[in-house]
Amino acid sequence: MDSTAIASLSSLWDRVFGTQPDPDMWVVIATLVAALAVIVPQGLWRLFRNAITIAHEGGHGLVALLTGRRLTGIRLHSDTSGLTVSRGKPHGLGMILTAAAGYTAPPLLGLGGAALLAAGHITLLLWLATALLVAMLVMIRNAYGALTVVLTGGTFLLVSWLAGPQVQAAFAYAVVWFLLVGGVRPAFELQAKRMRGGAGDSDADQLSRLTHVPAGLWLFLFHAVSLCSLIGGGRWLLAV
């Protein structure tokens, strides 16, 4: 390998794994406000909730693979619902962890992202997110899902490759705030549906059948994970 190639690889390594300066506090606050602006209104939430669904179904898929199950496909639908199918024992720890990973994935991803941002790894966060989206695309089994993941991954790729440090920082903070704050709302939506007698086959109900633990306690776990992630991640982000 010649010196030019070595220098290029070294530069790329430094760019991805090096640290970047923290943004100004006003940027952190502005990105929080931007995240709230697309999460609170119902109309915008319906559009941007697709990103939460990607994280939700991606969480199911990733944990299925990590627990030794065979992931056969992921589908994302225009009503922001999704379906992840894996093969393996229909009971046991692997199935329980896979079912529990959906509602907990977005806030935990947000918490992990906040940890990376607190350490100054803005570009690394963007590249990791892009890599996860590319890996997920391989398992998508419907056109709408593929389009959604391609658009999301393409946005991350363009920002991480072409944007300057300030734009990268603002985008990364906005994404992490969105996962942290947006990860809270789905559990409350599920709770409201169950109170109206709907969502009888939700993740909480599936977990109840698998573990004989009431669905309400699993819903409490979803709330606890999302709210604790928001508090912990928010403290990291605001400590710039």
Side-chain angles (χ1 to χ4, degrees), residues 5-36 38-39 48 50-63 65-66 101 104-138 148-184 225-240:
I6 293 174
S8 297
L9 287 175
S10 177
S11 176
L12 180 62
W13 178 273
D14 291 339
R15 178 179 181 181
V16 176
F17 292 97
T19 59
Q20 293 78 41
D22 294 327
D24 295 332
M25 179 56 72
W26 73 265
V27 174
V28 179
I29 300 300
T31 53
L32 170 58
V33 172
L36 290 170
V38 299
I39 290 168
F48 283 89
N50 285 285
I52 296 294
T53 303
I54 290 174
H56 179 116
E57 300 303 330
H60 283 313
L62 178 60
V63 174
L65 291 173
L66 292 176
T104 56
L108 289 177
L109 286 172
L111 183 63
L116 285 174
L117 293 181
H121 293 294
I122 295 171
T123 302
L124 178 59
L125 181 147
L126 297 176
W127 279 55
L128 284 175
T130 304
L132 289 173
L133 287 165
V134 170
M136 184 175 179
L137 181 60
V138 176
T148 303
V149 174
V150 166
L151 290 176
T152 305
T155 302
F156 274 90
L157 182 61
L158 288 173
V159 172
S160 62
W161 192 256
L162 299 178
Q166 294 83 3
V167 174
Q168 285 193 12
F171 180 76
Y173 272 78
V175 168
V176 172
W177 276 125
F178 176 78
L179 288 171
L180 289 171
V181 182
V184 173
V225 170
S226 62
L227 291 171
C228 288
S229 296
L230 174 59
I231 294 169
R235 291 184 64 181
W236 280 334
L237 294 180
L238 293 170
V240 298

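All figures in this text were calculated on a predicted structure; none of them were measured in a lab.
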Please assess Phe171 against Thr155 for the test side-chain contact (heavy atoms from CB on, under 4.5 Å), listing each intermediate value before the final yes or no. CA-CA 10 Å; Phe171 180 76; Thr155 302; 3.8 Å; yes
Once you measure the plane-to-plane angle for Trp161 and Trp127, does it fall in the parallel (<30°), tilted (30-60°) or perpendicular (>60°) bin?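 Plane angle between 30° and 60°, so tilted.
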Looking at Gly110, is its backbone amide N or carbonyl O close enough to the side chain of Trp177 to form a donor-acceptor pair, meaning the two atoms are under 3.5 Å apart?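 Such a contact is absent between Trp177 side chain and Gly110 backbone.
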For Ala55, what residues pass the side chain to side chain contact (heavy atoms under 4.5 Å, CB included) criterion, not counting sequence neighbours?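 Only Pro106, Leu109, Leu179 meet the side chain to side chain contact (heavy atoms under 4.5 Å, CB included) criterion with Ala55.
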I'd like to check the side chain to side chain contact (heavy atoms under 4.5 Å, CB included) partners of Phe48; sequence neighbours left out, ordered by chain and number.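 Partners of Phe48 under the side chain to side chain contact (heavy atoms under 4.5 Å, CB included) test: Val38, Leu44, Phe178.
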Side chains of Thr123 and Gln168: is there a donor and an acceptor less than 3.5 Å apart? yes
What is the minimum heavy-atom distance between [X] and [Y], and which atoms define it?
{"X": "His121", "Y": "Gln20", "result": "C-OE1, 3.7 Å"}
{"X": "Ser160", "Y": "Thr130", "result": "OG-OG1, 4.5 Å"}
{"X": "Val167", "Y": "Ala163", "result": "CG1-CB, 3.7 Å"}
{"X": "Gly183", "Y": "Pro107", "result": "CA-CD, 4.1 Å"}
{"X": "Ile39", "Y": "Gly182", "result": "CD1-N, 3.3 Å"}
{"X": "Ser229", "Y": "Leu180", "result": "O-CD2, 3.3 Å"}

side-chain contact (heavy atoms from CB on, under 4.5 Å) between Asp22 and Leu117, worked out: CA-CA 8 Å; Asp22 294 327; Leu117 293 181; over 6 Å; no
Residue pair Leu126, Val175: steps toward the side-chain contact (heavy atoms from CB on, under 4.5 Å) verdict: CA-CA 10 Å; Leu126 297 176; Val175 168; 5.7 Å; no
Just how far is it from atom [atom1] of [X] to atom [atom2] of [Y], taken to the nearest 0.5 Å?
{"X": "Thr104", "Y": "His60", "atom1": "OG1", "atom2": "NE2", "result": "8.5 Å"}
{"X": "Leu151", "Y": "Leu133", "atom1": "CG", "atom2": "CG", "result": "11.0 Å"}
{"X": "Leu116", "Y": "Ile122", "atom1": "CG", "atom2": "CD1", "result": "10.5 Å"}
{"X": "Leu62", "Y": "Leu66", "atom1": "CG", "atom2": "CG", "result": "4.5 Å"}
{"X": "Leu137", "Y": "Thr152", "atom1": "CG", "atom2": "OG1", "result": "10.5 Å"}

In this structure, which one of Val184, Val225, Leu111 forms a side-chain contact (heavy atoms from CB on, under 4.5 Å) with Leu230?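 Testing each of Val184, Val225, Leu111 against Leu230, the sole residue satisfying side-chain contact (heavy atoms from CB on, under 4.5 Å) is Val184.
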Given the rule in the side-chain contact (heavy atoms from CB on, under 4.5 Å) test, do Thr31 and Leu237 qualify, once you have shown the distances and angles that lead to the verdict? CA-CA 11 Å; Thr31 53; Leu237 294 180; over 6 Å; no
